[in-house]
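A note on names: the letters A, B, ... follow the listed sequences, proteins ahead of strands, and every chain is numbered from 1.
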Amino acid sequence: MPSMDPAGSKDSNGGPKADFFARKQRIAQQRKSLPIASVEKRLMDEVRSHDILIIVGETGSGKTTQLPQYLFNAGFCRDGKIIGITQPRRVAAVSVAKRVAEECGVEMGQRVGYSIRFDDMTSSSTRIKYMTDGLLLREALLDKYLSKYSVIIVDEAHERTVDTDVLLGILKSVQKARSGPINQLPNIDHTKAKNGVVIDKENDSQRAGSLNRYQGLKLSPLKLIIMSASLDARGFFEYFGGARAVHVQGRQFPVDIFYTKAPETDYLDATLITIFQIHLEEGAGDVLVFLTGQEEIESVERLVLEKLKQLPEEKRKLKVLPIYSSLPSEKQMQVFMPAPIGFRKVILATNIAETSVTIPGIKYVIDPGLVKARTYSAHTGMESLVVVPTSKAQALQRSGRAGREGPGKCFRLYPEREFEKLSDSTVPEIKRCNLSKVVLQLKALGVDDIIGFDFMEKPLREAVIKSLELLALLGALTEESRLSKPVGHQMARLPLDPTHAKALILASQFNCLEEMLITVAMLSVESIFYVPREKLEEVAVDNLFQMHVACVLAAVRFYIKCARTAAKCFSSLEGDHVTLINVYRASDDLFEKSKIGNNREKAEKDMRKWCKENFINSRSVRQARDIHRQATSSFLGLKPKYDWQIRENVEQMGLHVASCGDDMLQFRRCLAAAFFLNAALKQPDGTYRVLSSGQSVQIHPSSVLFRTKPDCLIFDELVRTNHNYIRNVSRVDYLWLPELAPQYYTLKE
DNA sequence: GAGCACTGC
């Protein structure tokens, strides 16, 4: 294998030469010992002779880091072409790119780079580019042939995220288009290609321009490589018409699986018992427990700590650590730290530990066999979170977590016959989510017939129809169900929920686009207000030894009151949307002021402190600021290369960025105009009825209007948990609806 | 008077 050169001559400033070569040698050795290294030649032969290749590789095969390097060395980047590798997650794209840059001995962003939302580390010399699959989809909007790529590798395809599924369909048709002469394509205007893709040269002047550029040219064919874990390779094989498949060995230690004899009536109790059985009877090694959510994790944590107290001193060396996505990152990091000497770690995790994070030192896995999953009812248009049994694939993924570093054990808290009854793989996300975003995106990519589109697995027909109806009502589609001009095209350009995109477009006419930009950014992130539970417990524990129980309760109540008072500083009687704007502006003021005379880190620190004092989730506010600015880090002084910055986009569209100042009436009227499908009227019993669907709903208790209960309101989302709750609501005037959405509401006398 | 699996542009 030809070796890759280190970046420039680093010896003058990169430390002693000997170190450098020792490290280089070590990396070369590691690379050679990976299972995939033995099939390099065969893989390259397969890629040369076939346009589609499926690689089935288990964990530890080295496919993600090695394959792009093999392709580069085999000459697939000649003529400045790029090898693109997609990942479902941002962190994976970044960390793998870093690893590969190191292996190649190049600086990040040179030959090897990555590109994710808000962070683009690529340059004109980048040839191996890691990115999220969603980002490649956005690129396809700008260049429908993805002409700068010679090879596209879709990694972790078995996870079947919505973006992966859409991408597979698009890549299939891009490949078909690139294998024929380009100059023919514009002539087949309005005729349907096999995949339901219509090349519409009038669609977009920019795209027509790019087509003209290609006229008479023949693009090089696109090589497609799909990489998947072993279990569900058959689906890919069938979807790609019996494409070549290569199996690459993984490097995984054996894991013994144990089942219970009978079904457990109380799986949390069974979990607790199993934790202590392992702790008291098994050899050294940490334990990973899969639970369904934050609440369950917190209660198991409490139970373990209680039970631990009953053990003799020398047997109490157990450290319990929770991990779930909404846990602050400092707390998440604790699971990666080694336990104190002589201690065993028990990690209580959601399915974040299935794929997103890999925790070292795990030897035992406890799997009650349940997962909280999102479901979508096309009939009601409602999403809900329900606890369901895992699939076999998920159970395997979970048990595999015990065999990363050595042989392990997995305790499934259900009988073996129950395992046999589980479905083979998890239902792909595209079959259980709201499709309005996907449909808008496909329309923008030139896919006219959504139902006829060649999905690997078709979404439910009713769900597609529901989305088409919604988009039509928002004015994004014409009567022929094509993207409307300009609204549909404008909406598709914005990386937002269709309703939020529409709200921005309308806000330009209502002179409140400044406010709406902040609002959609805040609505796009997790809950802003956050009462850290451990704070409550701190109060309780601190006082437990000094005070009467009643005093403890009083202290807790006082604490909750503080949180509420803090929230009140920002709360507005107009509703949650204005409240969110108030929070954003207050945090932004603080951040900007703190930045003057301070470095960025100090400003970030001040910000976190301020958030904590005000019971605000600092990560959410930060995310909202990123979305609002949609700031892409400019690498090497280059300008951001993508044109989907929200603010820049709305300006380019000719929308008028103005503030309504204190005139929140205008702002609320704009909300009514955009969210008219989400309007609800108060019923005599204090609940609400959604005007468009007739559903009975309640205001979520986190809303500032929970007590006020105005007669008429609009809401951002409707989620079913214990009740049908509407979240993020604002007061509107009933009469605005027929005035601002006459296409939908007519005044009945 | 509740609760939020996990991603992504």
Side-chain angles (χ1 to χ4, degrees), chain A residues 86-93 115-120 131-142 156 159-167 290-299 323-327 349-357 370-375 383-388 390 394 397 426 429-430 432-433 437-438 440-441 444 492-498 500-501 520-521 524-531 533 560 564 617 620 623 626-627 630 632 642-646 649 686 698-703 706-707 709 717 719-727:
Chain A
T86 71
Q87 295 287 327
R89 278 171 295 280
R90 294 160 53 93
V91 271
S115 194
I116 58 176
R117 191 188 192 187
F118 309 131
D119 193 5
D120 180 21
M131 65 198 127
T132 46
D133 38 23
L135 196 128
L136 186 60
L137 273 176
R138 282 275 151 189
E139 279 191 11
L141 283 176
L142 305 175
E156 312 285 6
E159 287 191 24
R160 305 291 307 276
T161 64
V162 175
D163 283 345
T164 305
D165 272 19
V166 173
L167 187 62
F290 285 100
L291 296 166
T292 62
Q294 177 180 347
E295 211 179 312
E296 207 170 88
I297 286 174
E298 279 166 354
S299 77
I323 183 165
Y324 44 86
S325 80
S326 60
L327 193 72
T350 58
N351 47 350
I352 192 172
E354 239 172 55
T355 48
S356 305
V357 300
L370 297 168
V371 65
K372 200 180 271 185
R374 167 180 295 163
T375 56
E383 291 189 331
S384 47
L385 288 164
V386 193
V387 174
V388 294
T390 62
Q394 252 178 318
Q397 175 72 22
T426 314
E429 206 186 348
I430 201 152
R432 48 188 175 90
C433 74
K437 246 172 145 175
V438 172
L440 183 63
Q441 197 168 24
R493 261 176 86 167
L494 297 164
L496 295 167
D497 273 335
H500 293 172
V520 298
S524 305
V525 299
E526 289 277 296
S527 57
I528 293 290
F529 292 105
Y530 172 70
V531 182
R533 194 175 296 243
I560 294 173
R564 231 185 254 141
N617 188 336
S620 301
Q623 278 171 358
D626 280 344
I627 296 169
Q630 188 82 8
T632 306
Y642 305 106
D643 67 347
W644 59 73
Q645 281 78 6
I646 297 180
N649 252 322
Q698 296 180 31
I699 302 179
H700 194 275
S702 64
S703 169
F706 179 68
R707 281 159 205 279
K709 289 196 170 56
E717 59 173 356
V719 182
R720 176 168 184 85
T721 51
N722 288 336
H723 296 101
N724 294 343
Y725 280 116
I726 48 176
R727 297 209 327 204

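Taking atom CE of Met131(A) as the reference point, atom P of dC9(B) lies 12 Å away to the nearest angstrom. dC4(B) atom C1' lies 11 Å from atom CD1 of Ile297(A), rounded to whole Å. A straight line from CZ of Arg89(A) to P of dA5(B) spans 17 Å, rounded to a whole angstrom. A straight line from CG of Asn724(A) to C1' of dG1(B) spans 16 Å, rounded to a whole angstrom. For Arg374(A) and dT7(B), the CZ to C1' distance is 9 Å, given to the nearest whole Å. In this structure, Leu440(A) atom CG and dG8(B) atom P are separated by 21 Å, rounded to whole Å. Rounded to whole angstrom, the span from the CD atom of Gln87(A) across to the P atom of dT7(B) amounts to 14 Å. Between the NE2 atom of His700(A) and the C1' atom of dG1(B) there is a distance of 10 Å, given to the nearest Å.
Between Ser702(A) and dG3(B) there is no side-chain N or O to OP1 or OP2 distance below 4.0 Å.
The side chain of Phe706(A) lies closest to dG1(B) when the candidates are dC6(B), dG1(B), dA2(B). Checked against dG1(B), dC9(B), dT7(B), the side chain of Leu135(A) finds its nearest nucleotide in dC9(B). If you check dA5(B), dC9(B), dA2(B) against the side chain of Thr350(A), the one that comes closest is dA5(B). When distances run from any side-chain atom of Asn351(A) to the nucleotides dC9(B), dA2(B), dC6(B), the shortest one goes to dC6(B). Of the candidate nucleotides dC4(B), dG1(B), dC9(B), dC9(B) has the atom lying nearest to any side-chain atom of Ile116(A).
Annotation: the span from Thr161(A) atom OG1 to Asp133(A) atom CG amounts to 4.5 Å, rounded to 0.5 Å.
Qualifying side-chain hydrogen bond (donor to acceptor under 3.5 Å, both in side chains) partners for Gln441(A), counting only residues two or more places apart in sequence or in other chains: none. Take Thr132(A) and apply the side-chain hydrogen bond (donor to acceptor under 3.5 Å, both in side chains) test, not counting sequence neighbours, and it matches no residue.
In this structure, Ile323(A) and Gly134(A) both approach DNA chain B, and ranking their closest nucleotides by distance from the 5' end singles out Ile323(A). Nearer the 5' end of DNA chain B, as judged by each residue's closest nucleotide, is the contact made by Arg432(A), out of Asp163(A) and Arg432(A).
Using a 4.5 Å heavy-atom cutoff, the side chains of Lys437(A) and Val166(A) are not in contact.
Using a 4.0 Å heavy-atom distance criterion, Thr161(A) is classed as making no nucleic acid contact. Looking at heavy-atom distances under 4.0 Å, Arg90(A) makes contact with sugar-phosphate atoms alone, never a base. Counting non-hydrogen atoms under 4.0 angstrom, Ile352(A) reaches the backbone sugars and phosphates but no base.
Heavy-atom minimum distance, Ser384(A) versus Arg720(A): CB-O, 3.4 Å.
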